[in-house]
Number of protein chains: 2
Amino acid sequence: MLSIGALSRQTNVKIPTIRYYEEIGLMDLPGRTTGGQRRYVQSDVDRLGFIRHARDLGLSIAAISDLLRLSANGDNPCADADRIAKEHLTEVKEKIKHLRRLEKELKRIVSHCHAGTVGECYVIESLGNHGLCVEDH
Amino acid sequence: MLSIGALSRQTNVKIPTIRYYEEIGLMDLPGRTTGGQRRYVQSDVDRLGFIRHARDLGLSIAAISDLLRLSANGDNPCADADRIAKEHLTEVKEKIKHLRRLEKELKRIVSHCHAGTVGECYVIESLGNHGLCVEDH
DNA sequence: GCTTGTACCTCTAGTTACTTGAGGTTTTAT
DNA sequence: ATAAAACCTCAAGTAACTAGAGGTACAAGC
């Protein structure tokens, strides 16, 4: 029987976040002491660990919720789980593409800046003028 | 004198977003018709264009607010503007690094999944078990 | 000059995934 | 028995908007 603090330490999930997950129904309602404090069992640790890991990988709460439902049902969740993971992978790839374009653009802007020059600032000029951009973004 | 709709079309910023920018003080209070409708001038178009472009590049509202203040003051804003842009570039680089690790991890997880196999699902197993990961994330 | 349709107005609440704070109670250790 | 640490609830705040309800103003055509 773990207190919320102990669960927090074991899973690296902050206490208010655990309570939040309970509130939105991602975590089950835990048992309580007579005084009203939460007490957790091993399955709670496992579930929260799953959530934490999936969040670290960037999955949304909605996606995690789906995955948890799938894994509870047991009946060949693989196809659906695979689809969710693949969709997420696609999103991640898109984000990387986008960020790489931004990186390029920012590098270009910054490289043109010669701090010290009065009045003219390529950073500010570039930001104000999309036409100066090399690529779309 | 532009209506809010005309400004929106010229800058590609949605109407509620323009009103939101006004509310948080990022855009100046515009003139009004006797009937109370907003009317904008060229300097508003320029400022909103700047904001739009900087947002597209991923800068936060706070950073943009700083840049706008700098460019208004005129006294060699270059050094500060350059610092803001460089900081942002660093953030972007970090994000890319992180996403690339996630991409790798997700690819590995997905590639192990053979949809159809009953009961065992590598996607779900991997998410539940951080120990299966190759790298940090 | 009147009517109609589009564009505009304000205000409230919702989104995501939490975090922070106030004010009070329970547990644990001495 | 006491005191410190950990816990409790509830409300509000964060970023950057978006959506919807219910009502008013403007521009064009007749």
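By convention in this document, chain letters (A, B, ...) are assigned in the order of the sequence lines, proteins followed by strands, and residues within each chain are numbered from 1.
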**Q** Name all residues meeting the side-chain hydrogen bond (donor to acceptor under 3.5 Å, both in side chains) criterion together with A/Asp66; count only those two or more places apart in sequence or in a different chain, and write none if there are none.
**A** A/Arg69
**Q** Per the end-axis method with five pairs at each terminus, what is the bend angle of the helix from C/dG1-D/dC30 to C/dT30-D/dA1, to 10°?
**A** 10°
**Q** Could you list the residues that satisfy side-chain hydrogen bond (donor to acceptor under 3.5 Å, both in side chains) with A/Arg19, not counting sequence neighbours?
**A** none
**Q** Could you check whether any side-chain N or O of B/His98 sits under 3.5 Å from a backbone N or O of B/Lys93, counting only pairs where one atom can act as donor and the other as acceptor?
**A** no
**Q** Taking only distance into account, with no hydrogens and no angle test, what donor-acceptor pairs under 3.5 Å do side-chain atoms of residues 22-42 of chain B form with protein atoms, sequence neighbours excluded?
**A**
residue: B/Glu22; atom: OE1; partner: B/Arg38; partner atom: NE; Å: 2.7
residue: B/Arg32; atom: NH1; partner: B/Gly36; partner atom: O; Å: 2.8
residue: B/Thr33; atom: OG1; partner: B/Gly35; partner atom: N; Å: 3.3
residue: B/Thr33; atom: OG1; partner: B/Gly36; partner atom: N; Å: 3.2
residue: B/Thr33; atom: OG1; partner: B/Gln37; partner atom: N; Å: 2.9
residue: B/Gln42; atom: NE2; partner: B/Asp46; partner atom: OD1; Å: 3.0

**Q** Among all residues two or more places apart in sequence or in another chain, which pass the salt bridge (charged side-chain N to carboxylate O under 4.0 Å, His left out) test with B/Arg47?
**A** none
**Q** With B/Glu91, which residues qualify under side-chain hydrogen bond (donor to acceptor under 3.5 Å, both in side chains), at least two apart?
**A** none
**Q** For A/Lys97, give me all partners under salt bridge (charged side-chain N to carboxylate O under 4.0 Å, His left out), at least two apart in sequence or on another chain.
**A** A/Glu94
**Q** Using a cut-off of less than 4.0 Å, is there contact between a side-chain N or O of A/Thr33 and OP1 or OP2 of C/dT27?
**A** yes
**Q** Could you pull out all residues at least two apart from A/Thr11 that satisfy side-chain contact (heavy atoms from CB on, under 4.5 Å)?
**A** A/Leu7, A/Val13, A/Val45, A/Leu48
**Q** Rounded to whole angstrom units, what separation is found between the CG atom of B/Leu7 and the C1' atom of C/dC9?
**A** 16 Å
**Q** Summarise protein proximity over nucleotides 3-18 of chain D in one line of letters, 5' to 3': B for base, S for sugar-phosphate only, - for none, counting protein heavy atoms closer than 4.0 Å.
**A** ----SSB------BBS
